[in-house]
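Quantities reported herein were computed from a predicted structural model and do not represent experimental measurements.
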Amino acid sequence: MYPEWLMTGLEFPSADPRGHLSRAGELVPAEVLAGSGQAEELAEVVEEGANHFWMDTLHYVGVWAEANGLDEQLPVEFWLHVASAADAMEFPEFVPYCLGKARRLPNQDPGDLVAAVSTLPAVVEVEDAVRSSCSAVADLLRNHDPATTAMIEAVDLDAIATHLRGGAYDALGPDVSPILSDSFDDLFGVAARKDFPAEHSRHAWAIIGPNPFRVAVGAGLYPSTHAEVWWRA
């Protein structure tokens with residue numbers, strides 16, 4: 001169900017969802033929990049037995065830790081327990097990010113994301129809609145600075161990301177963001193494929209890493225919960 005390159009070599013703990021969540025909570029250092037501002041929320045969802053939101057809150061603590069340079073304080077087992085709970089409760093969207101953090105993969109930013117999207121069709125087969133979105137992003141890069149043409153043709157992720165961090169993303173962001181937003185579900189589907197080639201896993205992680213999910217509540221008289229990427233939730 002999940003990318004084999006993310007799963008390989010990891011040893012997953014055995015427990016039911018509440019057991020996974022309880023153990024994950026025990027593994028959060030007190031200073032990380034306090035800094036995240038989620039201590040009260042976590043206590044409430046645990047008391048209510050709201051497993052979906054319990055998992056979501058722990059996951060958010062981990063995302064906060066990454067954003068604040070503290071993710072190394074969360075042990076590998078924390079992420080494996082959160083991933084296992086999310087899988088058991090049928091929130092598969094949460095799992096790839098958790099597995100990447102368990103593998104200690106590097107933090108990703110918009111520069112990494114755009115670099116990966118602009119070159120994705122060069123390393124993996126994609127459907128026409130995804131190819132079109134990737135081409136649109138690549139065209140924006142080329143039109144803004146023709147020097148990026150060689151970077152894109154060489155699939156030089158580091159060079160493209162560095163170029164973007166040097167100010168190009170600030171200029172291109174308003175045009176790139178709608179393309180990424182409209183195509184995100186398809187892009188994530190490609191990145192999270194079970195057979196995504198391990199030799200190009202940097203592309204997959206550049207899509208997964210900057211886009212953790214949250215548990216969202218649907219509309220209606222009897223709303224259900226579902227996963228949404230953080231910027232939609």
Side-chain angles (χ1 to χ4, degrees), residues 1-15 19-36 38 42 55-88 91-117 119-120 123-124 155-162 164-165 187-188 190-214 227 229-230:
M1 178 182 292
Y2 305 110
E4 291 183 355
W5 68 269
L6 274 176
M7 301 279 288
T8 300
L10 294 176
E11 296 184 9
F12 293 88
S14 178
H20 284 303
L21 296 171
S22 294
R23 182 59 181 143
E26 294 169 356
L27 293 169
V28 178
E31 59 271 26
V32 173
L33 180 58
S36 72
Q38 296 299 300
L42 184 61
M55 181 274 295
D56 182 61
T57 304
L58 288 169
H59 186 268
Y60 178 83
V61 170
V63 173
W64 178 90
E66 176 187 302
N68 288 274
L70 300 173
D71 44 332
E72 289 294 325
Q73 295 191 30
L74 294 170
V76 168
E77 291 77 11
F78 167 83
W79 291 108
L80 294 179
H81 279 293
V82 175
S84 297
D87 177 70
F91 281 88
E93 297 89 348
F94 283 77
V95 174
Y97 178 88
C98 293
L99 298 183
K101 299 308 295 182
R103 301 189 76 86
R104 301 305 197 198
L105 297 182
N107 298 348
Q108 302 292 282
D109 63 20
D112 297 304
L113 172 61
V114 174
V117 171
T119 57
L120 186 64
V123 301
V124 67
V155 194
D156 191 338
L157 297 182
D158 290 328
I160 300 169
T162 299
L164 287 159
R165 294 187 196 108
L187 289 168
F188 184 81
V190 172
R193 279 195 329 218
K194 183 175 185 292
D195 62 348
F196 195 97
E199 62 269 26
H200 299 301
S201 60
R202 282 190 63 188
H203 279 77
W205 182 239
I207 295 170
I208 295 166
N211 292 294
F213 281 75
R214 297 300 309 267
V229 65
W230 70 270

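Applying the side chain to side chain donor-acceptor pair (under 3.5 Å) rule to pairs touching residues 73-85 yields H20-H81, sequence neighbours excluded. For the salt bridge (Lys or Arg N to Asp or Glu O under 4.0 Å) condition, the pairs that include at least one residue of residues 1-13, sequence neighbours left out, are E4-K194. Counting only residues at least two apart or on different chains, the salt bridge (Lys or Arg N to Asp or Glu O under 4.0 Å) pairs with a member in residues 105-117 are D109-R165, D112-R165.
Counting all heavy atoms, side chain and backbone alike, V32 lies closest to A65 at CG1-CB, 4.1 Å. Nearest approach of G111 to L164, heavy atoms of both residues: O-CD1, 3.5 Å. Residue M7 comes nearest to R103 through the heavy atom pair C-NH1, 4.1 Å, listed as atom of the first residue, atom of the second, then distance. Residue A83 comes nearest to V95 through the heavy atom pair O-CG2, 3.6 Å, listed as atom of the first residue, atom of the second, then distance.
For the side chain to side chain donor-acceptor pair (under 3.5 Å) test, residues two or more places apart in sequence or in another chain that qualify with E26 are R23. Evaluation of the side chain to side chain donor-acceptor pair (under 3.5 Å) rule for R214 yields D56 as partners, not counting sequence neighbours. For E66, the side chain to side chain donor-acceptor pair (under 3.5 Å) criterion is met by Y97, K101, not counting sequence neighbours. Partners of V124 by side-chain contact (heavy atoms from CB on, under 4.5 Å), not counting sequence neighbours, listed by chain and number: L120, V126, V190, R193, F196, P197. Not counting sequence neighbours, Y60 has no partner by the side chain to side chain donor-acceptor pair (under 3.5 Å) test. Residues satisfying the ring-ring contact (aromatic ring centres under 6.0 Å, His included) test with F188, not counting sequence neighbours, are F184, F213. Residues that satisfy the side-chain contact (heavy atoms from CB on, under 4.5 Å) test with P210, not counting sequence neighbours, are Q108, L113. For the side-chain contact (heavy atoms from CB on, under 4.5 Å) test, no residue two or more places apart in sequence or in another chain qualifies with A34. When the ring-ring contact (aromatic ring centres under 6.0 Å, His included) test is applied to H203, no partner is found at least two apart in sequence or on another chain.
Rounded to the nearest 0.5 angstrom, L27 CG and L33 CG are separated by 12.5 Å. Distance check, rounded to the nearest 0.5 Å: CG of L10 to SG of C98 gives 11.5 Å. Considering CD of Q38 and NE2 of H59, their distance stands at 12.5 Å, rounded to 0.5 Å. For the atom pair CE of M55 and CG of L21, the computed distance is 7.5 Å after rounding to the nearest 0.5 Å.
Contact annotation: the side chain of I160 never approaches that of V114 to less than 4.5 Å [non-hydrogen atoms, C-beta and beyond]. Taking the side chain as every heavy atom from C-beta outward, V76 and F78 never approach each other to under 4.5 Å. When side chains are defined from C-beta on, V63 does not count as touching D71, because their heavy atoms never get closer than 4.5 Å. With contacts defined as side-chain heavy-atom distances shorter than 4.5 Å, the pair L6/L105 qualifies. Counting only heavy atoms from C-beta outward, the side chains of F94 and D87 never approach each other to under 4.5 Å.
Partner of S36 under the side-chain contact (heavy atoms from CB on, under 4.5 Å) criterion, out of L42, L70, V61: V61 alone.
Remark: the backbone N or O of P106 is paired with a side-chain donor or acceptor of W205 at under 3.5 angstrom. A donor-acceptor pair under 3.5 Å links the side-chain atoms of N211 to the main chain of I207, judged by distance alone.
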Between R202 and D158, does the side chain to side chain contact (heavy atoms under 4.5 Å, CB included) criterion hold? Intermediate values first, please. CA-CA 10 Å; R202 282 190 63 188; D158 290 328; 2.7 Å; yes
Run the side chain to side chain contact (heavy atoms under 4.5 Å, CB included) test on L74 and V28 for me, step by step, so that the C-alpha distance in whole Å, both residues' side-chain angles and the decisive distance to 0.1 Å come before the verdict. CA-CA 6 Å; L74 294 170; V28 178; 4.2 Å; yes
